[in-house]
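Shown next, in structure tokens, is the structure this report addresses.
Just so it is clear, the model here is predicted, and its values are computed rather than measured.
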Protein chains: 2
Amino acid sequence: MAARYEQIAAELREAILTGVHPVGSQLPSEAELAARHAAARGTVRQAVAILAAEGLIGSRQGARRIVLGGERSQSFAELHSFAQWARSKGHAVGGEVLAQRRRPAGAAESARLGTAEVLEVLRLRTLEGEPVLLERTVYASWIASAVEELPPDCESVTQALYDKVGLVFAYGEHLIDAVAAGSEDARLLGVRRGSPLLRQRRITTTQEGRPVEWSDDRYRAGSVAFSIRNSIGANPLTRLAL
Amino acid sequence: MAARYEQIAAELREAILTGVHPVGSQLPSEAELAARHAAARGTVRQAVAILAAEGLIGSRQGARRIVLGGERSQSFAELHSFAQWARSKGHAVGGEVLAQRRRPAGAAESARLGTAEVLEVLRLRTLEGEPVLLERTVYASWIASAVEELPPDCESVTQALYDKVGLVFAYGEHLIDAVAAGSEDARLLGVRRGSPLLRQRRITTTQEGRPVEWSDDRYRAGSVAFSIRNSIGANPLTRLAL
DNA sequence: TAGGGGAACTTGTACAGACAAGGCCAGACC
DNA sequence: GGTCTGGCCTTGTCTGTACAAGTTCCCCTA
């Protein structure tokens, strides 16, 4: 059973998406929402805070909340797991492991993952049958054997590892930039060498903050984009000079 | 005077950054923090919620909060304004307007900005004297004259418009992908045609949700990256199929 | 008619208390 | 020794109240 504030948030989201509260219009006041849902104002505030964090609504002290945008997305899983994202959007997702081997960790990998040995995996992912993503992932040694036992065409590694060993990918740090396709990238993704790729490098940790994997994902240009809504109040995305 | 919970958040952030609470360690409990700051538990929870949203700490019901990462960044301004971001990081920022003209809005622009006429501006931005960013921005007509009066080498348009007419850029929606440099892009950024660029398209609105500008920003590869921390709980960044 | 003042409304901040849910650990038990 | 259980601790959820701060809009006045 979801928390009360999550139910209220879901109802409000639904109301916005179905046009009950069109873009640009004002939301009911907290007091009214509280009365309508028979909840305390604090609970309603938790609900609208979720929508604000999603970028769906904006708020300023003294004025009613405003509907900023329409359709929105959900969660961490969407950014972390290609398969979960694709499936939730109704895309046909595929993939296969092209190479997989254990090797000693380099200095940077050892520092990031905290292990002396790593499992290196090269995966090609497809969307609607077209190759769009090349994943070069390095797993910490303590999870390596579980990864090795997965079938090569496993769609969602995230899901599989959760089912298998109860591993939860809880936190991620991502670095997004553009790079030119190397010769291997070009061959596997079916593009010309030097053509632009969208690169997402990420390190993922468990709930306890223990690093699990370090990955370099390269998307064929024109296949995938990242979307962010932000506001003066809060946003986690930043720019970095290289 | 900042709010109480912001002060507590700032103190905690400082304590994490200076190593009082090292990465991987546990934070004091809410009860203890409340006692230490002579605040209610709810206030402390608001403070730690900020740090959690920044990706600095993680939390799970029942267990103490864990320090996940070190240095972090701040704000919306950082993503919105190139100049404000660069200055806050201590980079030498420059820029100039290469072209500027009024013209009728296309259908897509009219839908996005809600005006029939727009002001189109082409700006080249430099970091440490090197050209890194090409901005193609389209402003809504109601702000056009204020933009036209800015000096061509104005560093921060955001700042200038705030000082001039009190305009606040409050909400933004961003789309990030990779593209190949066109011939104009290549000439102005000093790269070869077809080389990868990191593209950030964004639409920005006022506090009231009124659209102000629509921009296509292209970064030279290797000069700038975007960084995101996220968690199971919340994150605003998502992937989009194209 | 244009502008100022102010009341009513709305969101932001803060406090206090209560219970639920889940993690952690030590001691008991097999 | 290993395992399980129960109690304690910590975070999550929810309620209710009070006041501060900012917005909106109407009415009165010049």
Side-chain angles (χ1 to χ4, degrees), chain A residues 1-12 21 24-53 56-68 166-168 170-171 206-210 231-234, chain B residues 1-12 21 24-53 56-68 166-168 170-171 206-210 231-234:
Chain A
M1 172 75 166
R4 189 71 171 257
Y5 70 90
E6 285 176 336
Q7 294 176 27
I8 298 175
E11 279 182 40
L12 275 175
H21 303 299
S25 69
Q26 292 184 336
L27 238 51
S29 73
E30 293 177 1
E32 190 182 330
L33 288 173
R36 193 182 298 175
H37 292 89
R41 198 181 141 219
T43 307
V44 171
R45 283 182 65 80
Q46 280 183 281
V48 294
I50 293 178
L51 303 189
L56 217 54
I57 61 178
S59 59
R60 309 135 62 197
Q61 185 171 7
R64 291 269 262 254
R65 264 171 258 266
I66 298 173
V67 178
L68 290 174
L167 179 68
V168 176
Y171 307 107
T206 65
Q207 290 186 320
E208 296 83 22
R210 191 178 186 194
S231 71
I232 279 187
Chain B
M1 172 75 166
R4 197 111 148 95
Y5 70 90
E6 285 176 336
Q7 294 175 26
I8 298 176
E11 279 183 40
L12 275 175
H21 303 301
S25 69
Q26 292 184 336
L27 238 52
S29 74
E30 293 177 359
E32 190 182 330
L33 288 173
R36 192 182 298 175
H37 293 89
R41 197 181 142 218
T43 308
V44 170
R45 282 181 66 78
Q46 281 183 281
V48 294
I50 293 179
L51 302 189
L56 218 53
I57 62 177
S59 60
R60 310 135 61 198
Q61 186 172 12
R64 291 269 261 256
R65 265 172 256 266
I66 297 173
V67 178
L68 289 174
L167 178 69
V168 176
Y171 306 108
T206 65
Q207 289 187 320
E208 295 83 23
R210 192 177 185 194
S231 71
I232 279 187

Item to complete: Could you list the residues that satisfy salt bridge (Lys or Arg N to Asp or Glu O under 4.0 Å) with B:Arg36, not counting sequence neighbours?
Response: B:Glu32
Item to complete: Could you list all the side-chain hydrogen bond (donor to acceptor under 3.5 Å, both in side chains) pairs where at least one residue sits in residues 38-49 of chain B, not counting sequence neighbours?
Response: B:Glu30-B:Arg41, B:Glu30-B:Arg45
Worksheet entry | Rounded interatomic separation in angstrom, taking CD from B:Gln207 and C1' from C:dT10 | 15 Å
Practice prompt. Could you tell me which residues satisfy salt bridge (Lys or Arg N to Asp or Glu O under 4.0 Å) with A:Arg4, sequence neighbours excluded, listed by chain and number?
Written response: none
Worksheet item: Separation of B:His37 atom NE2 from C:dA14 atom C1', in whole Å?
Response: 15 Å
Fill in: Partner set under side chain to side chain donor-acceptor pair (under 3.5 Å) for B:His21, not counting sequence neighbours
none
Item to complete: To the nearest Å, give me how far apart CG (A:Leu51) and C1' (C:dT11) are.
Response: 16 Å
Worksheet, complete the sentence: Once base and sugar-phosphate atoms are separated, protein heavy atoms under 4.0 Å mark nucleotides 9-19 of chain D, 5' to 3', with B, S and - as -BBBBSB--B-
Worksheet entry | Contacts of type side chain to side chain donor-acceptor pair (under 3.5 Å), residue B:Ser29, not counting sequence neighbours | none
